[in-house]
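It should be emphasised that the depicted structure is a prediction, and the values quoted were computed from it without experimental measurement. Below, all heavy atoms of this structure are taken into account, side chains as well, without hydrogens, waters or symmetry copies. In the text below, chain A, chain B and the rest are named by the order of the sequence lines, each starting its count at 1.
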Amino acid sequence: MPELPEVETMVRQLRPRLVGRTVTSAAVHWPRTVARPSARRFREGVSGRRIEALGRRGKYFLFDFDDGRSLVGHLRMSGRLFLVEPGEQDRRAEHTRASFDLDDGRRLVFVDVRKFGRLALVRRPEEAMPALGPEPLSPELDGAWMATALRSRRRMLKPLLLDQSFLAGLGNIYVDESLHRAGLHPLRLSDRVPRAKAEALAAAIREVLTAAIEADGSSFDTFYRTPEGQPGRFQDTFMVYGRHGKPCRTCGATIRRIVVGQRGTHLCPRCQSAPRNRR
DNA sequence: CAAGACTCCTGACGGC
DNA sequence: TGCCGTCAGGAGTCTT
């Protein structure tokens with residue numbers, strides 16, 4: 001699913017083609033896609049506005065307009081942004097939830113099969129985003145930060161790393177990959193992670209996300225494609241995600257799949273030794 | 001404060 | 001062949 005690397009890839013590919021463009025008109029085909037304001041005011045609000053910058057915060061993407069307002073969006077499970085060339089058929093019209101005509105003749109379309117994705121037009125981006133934790137790739141996210149942050153809570157690592165108010169941008173795939181790389185079991189309690197392991201986790205997250213971005217993200221199912229229409233390549237290097245029953249690429253033990261917090265969770269029982277939390 | 005259940009959605013897939 | 005139940009998952013909300 002789209003996580004930080006996929007959103008970052010999308011923003012990077014769209015940025016050179018969208019900055020400086022003006023939205024001439026917009027349409028909303030599935031009203032619930034627009035979180036705020038109303039679909040009508042959203043349409044009217046973006047029309048005539050020039051895009052000055054594209055950004056990302058966690059898994060959110062942001063368009064800054066020339067009137068100071070911002071379009072804040074989230075892809076959730078199956079959302080994607082594409083550019084449709086002039087005269088080109090929108091092959092995904094069936095699942096297009098919103099579209100934006102641009103002054104260069106292109107059309108930006110928000111496609112979202114499962115309808116979980118959301119768009120908002122706001123004065124300040126914070127109005128459309130909950131309180132988010134730090135960016136995993138920012139300099140402050142070092143071993144010291146992780147050690148302190150883990151100690152300040154008492155939660156299982158898997159749900160904690162999925163919590164966007166703790167750290168912004170990780171989803172199911174990259175949490176599993178990061179925990180495996182750090183040699184940490186997803187059920188381990190955060191305040192029982194040794195200092196050295198906390199540092200290893202900070203490094204693992206940075207390395208996994210960086211490598212994923214370099215590979216244009218992950219495309220393990222039929223959904224995710226970059227705006228250029230290409231699949232990502234990081235799925236080819238998954239160590240645990242979706243590999244249950246297969247041998248660990250590090251030690252050869254059989255990868256297991258368990259459920260934690262209603263989420264499929266993949267781990268190597270040898271590389272990630274089971275915790276003895278028990279209160 | 002932590003964690004589990006439930007919800008929103010649709011397509012894919014296994015079973016019969 | 002085709003119908004049906006189940007699953008997947010980001011994140012908000014409610015309950016335990």
Side-chain angles (χ1 to χ4, degrees), chain A residues 1-8 10 28-36 56-61 72-81 91-98 110-120 125-133 136 149-179 185-193 209 212 217-225 231-232 234-235 238 240-245 257-267 275 277-279:
Chain A
M1 305 300 127
E3 304 179 29
L4 187 154
E6 290 74 35
V7 179
E8 180 65 25
M10 181 185 84
V28 176
H29 306 102
W30 180 256
R32 294 185 65 179
T33 292
V34 176
R36 59 189 294 182
R56 176 192 62 73
R57 175 78 174 97
K59 302 176 194 173
Y60 290 83
F61 56 89
V72 180
H74 199 300
L75 302 172
R76 290 290 181 88
M77 301 298 301
S78 60
R80 291 138 70 178
L81 284 175
R91 312 189 307 278
R92 314 169 192 84
E94 183 188 354
H95 297 127
T96 295
R97 310 306 179 193
F110 182 70
V111 177
D112 184 20
V113 171
R114 293 184 187 171
K115 299 178 176 174
F116 289 163
R118 291 293 180 265
L119 304 176
E126 307 80 65
E127 297 172 37
M129 297 187 287
L132 297 174
L150 292 184
R151 268 202 314 272
S152 72
R153 318 231 190 162
R154 186 183 184 80
R155 293 182 62 184
M156 295 188 293
L157 290 177
K158 169 85 183 215
L160 179 60
L161 293 175
L162 284 175
D163 184 341
Q164 303 298 297
S165 70
F166 177 76
L167 194 57
L170 296 181
N172 210 37
I173 295 173
Y174 297 108
V175 167
D176 284 5
E177 292 296 315
S178 297
L179 287 173
H185 196 286
L187 296 180
R188 181 175 290 272
L189 290 178
S190 58
D191 64 349
R192 301 199 48 168
V193 174
L209 294 180
S218 305
S219 305
F220 63 93
D221 60 20
T222 57
F223 291 128
Y224 176 72
R225 289 292 183 280
F234 192 68
Q235 68 281 2
F238 284 168
V240 288
Y241 189 81
R243 296 195 68 245
H244 43 295
R257 180 183 185 279
I258 61 177
V259 175
V260 185
Q262 290 84 243
R263 292 289 179 282
T265 299
H266 311 76
L267 65 110
N277 294 328
R278 309 313 157 216
R279 92 192 89 263

> Arg32(A) side chain N/O closer than 4.0 Å to the phosphate oxygens (OP1, OP2) of dC9(B)?
yes
> How many whole angstroms separate atom CG of Asn172(A) from atom C1' of dC7(C)?
13 Å
> Could you tell me whether the side chain of Arg154(A) and the main chain of Arg151(A) form a donor-acceptor pair under 3.5 Å?
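Not confirmed, Arg154(A) side chain does not pair with Arg151(A) backbone.
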> Whole Å only: how far is the CZ atom of Arg153(A) from the C1' atom of dC1(B)?
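In whole Å, dC1(B) C1' lies 10 Å from Arg153(A) CZ.
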> With a 3.5 Å distance limit and no angle check, can you tell me whether Arg97(A) reaches the backbone of Val113(A) through a side-chain donor-acceptor pair?
yes
> Under 4.0 Å between a side-chain N/O of Tyr241(A) and OP1 or OP2 of dA8(C), yes or no?
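It does not, given that no N or O in the side chain of Tyr241(A) lies less than 4.0 Å from OP1 or OP2 of dA8(C).
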> Does a side-chain N or O of His95(A) approach OP1 or OP2 of dT10(B) to a distance below 4.0 Å, or not?
no
> So if I take every side-chain heavy atom of Lys115(A) and compare against dG9(C), dA8(C), dT10(B), which nucleotide ends up nearest?
dT10(B)
> Whole angstrom is fine here: how far is it from CG in Leu161(A) over to P in dA11(C)?
13 Å
> Send over the distance from Arg97(A) CZ to dC8(B) C1', rounded to a whole Å.
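These atoms are roughly 13 Å apart.
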> Using only heavy-atom distances, decide whether a donor-acceptor pair under 3.5 angstrom links the side-chain of Gln262(A) to the base of dA5(B).
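Present.
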> Counting only distance, no hydrogens or angles, is the base of dA11(C) paired donor-acceptor with the side chain of Arg263(A) under 3.5 Å?
yes
> When only distance counts, do a donor and an acceptor, one from the side chain of Arg76(A) and one from the base of dG9(C), lie under 3.5 Å apart?
no
> Separation of Leu160(A) atom CG from dA3(B) atom P, in whole Å?
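It is 9 Å, rounded to the nearest whole Å.
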> Let's see if you can work this out: which of dC9(B), dG10(C), dG12(C) has an atom nearest to the side-chain heavy atoms of His74(A)?
dG10(C)
> How do Pro130(A) and Phe116(A) order along DNA chain C: which one's closest nucleotide is nearer the 5' end?
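Per heavy-atom nearest nucleotide, the more 5' residue is Phe116(A).
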> Could you give the OH-to-C1' distance, from Tyr174(A) to dG10(C), as a whole number of Å?
15 Å
> Is the side chain of Glu8(A) donor-acceptor paired with the backbone N or O of Arg56(A) at a distance under 3.5 Å, no angle test?
no
> Under the 3.5 angstrom rule, does the side chain of Arg57(A) hit a backbone N or O of Met129(A) as a donor-acceptor pair?
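A pair under 3.5 Å: no.
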> Rounded to the Å, how far apart are Asp112(A) CG and dC8(B) P?
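It works out to 16 Å between those atoms.
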> Counting only side-chain nitrogens and oxygens, does Lys59(A) get under 4.0 Å of the OP1 or OP2 atom of dG10(C)?
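So the side chain of Lys59(A) is outside the cut-off, no N or O lying under 4.0 Å from OP1 or OP2 of dG10(C).
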> Counting side-chain heavy atoms from CB outward, which of dA11(C), dG4(B), dC9(B) is closest to Met156(A)?
dG4(B)
> Nearest heavy atom decides the nucleotide; on that basis, is Trp30(A) or Ser152(A) closer to the 5' end of DNA chain B?
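It is Ser152(A) whose nearest nucleotide is closer to the 5' end.
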> CG/Asn172(A) to CG/Leu161(A) distance, rounded to the nearest 0.5 angstrom?
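Here the interatomic distance stands at 11.0 Å.
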> Round to a whole Å and report the spacing from CZ of Arg118(A) to P of dG9(C).
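So the two atoms are 19 Å apart, to the nearest Å.
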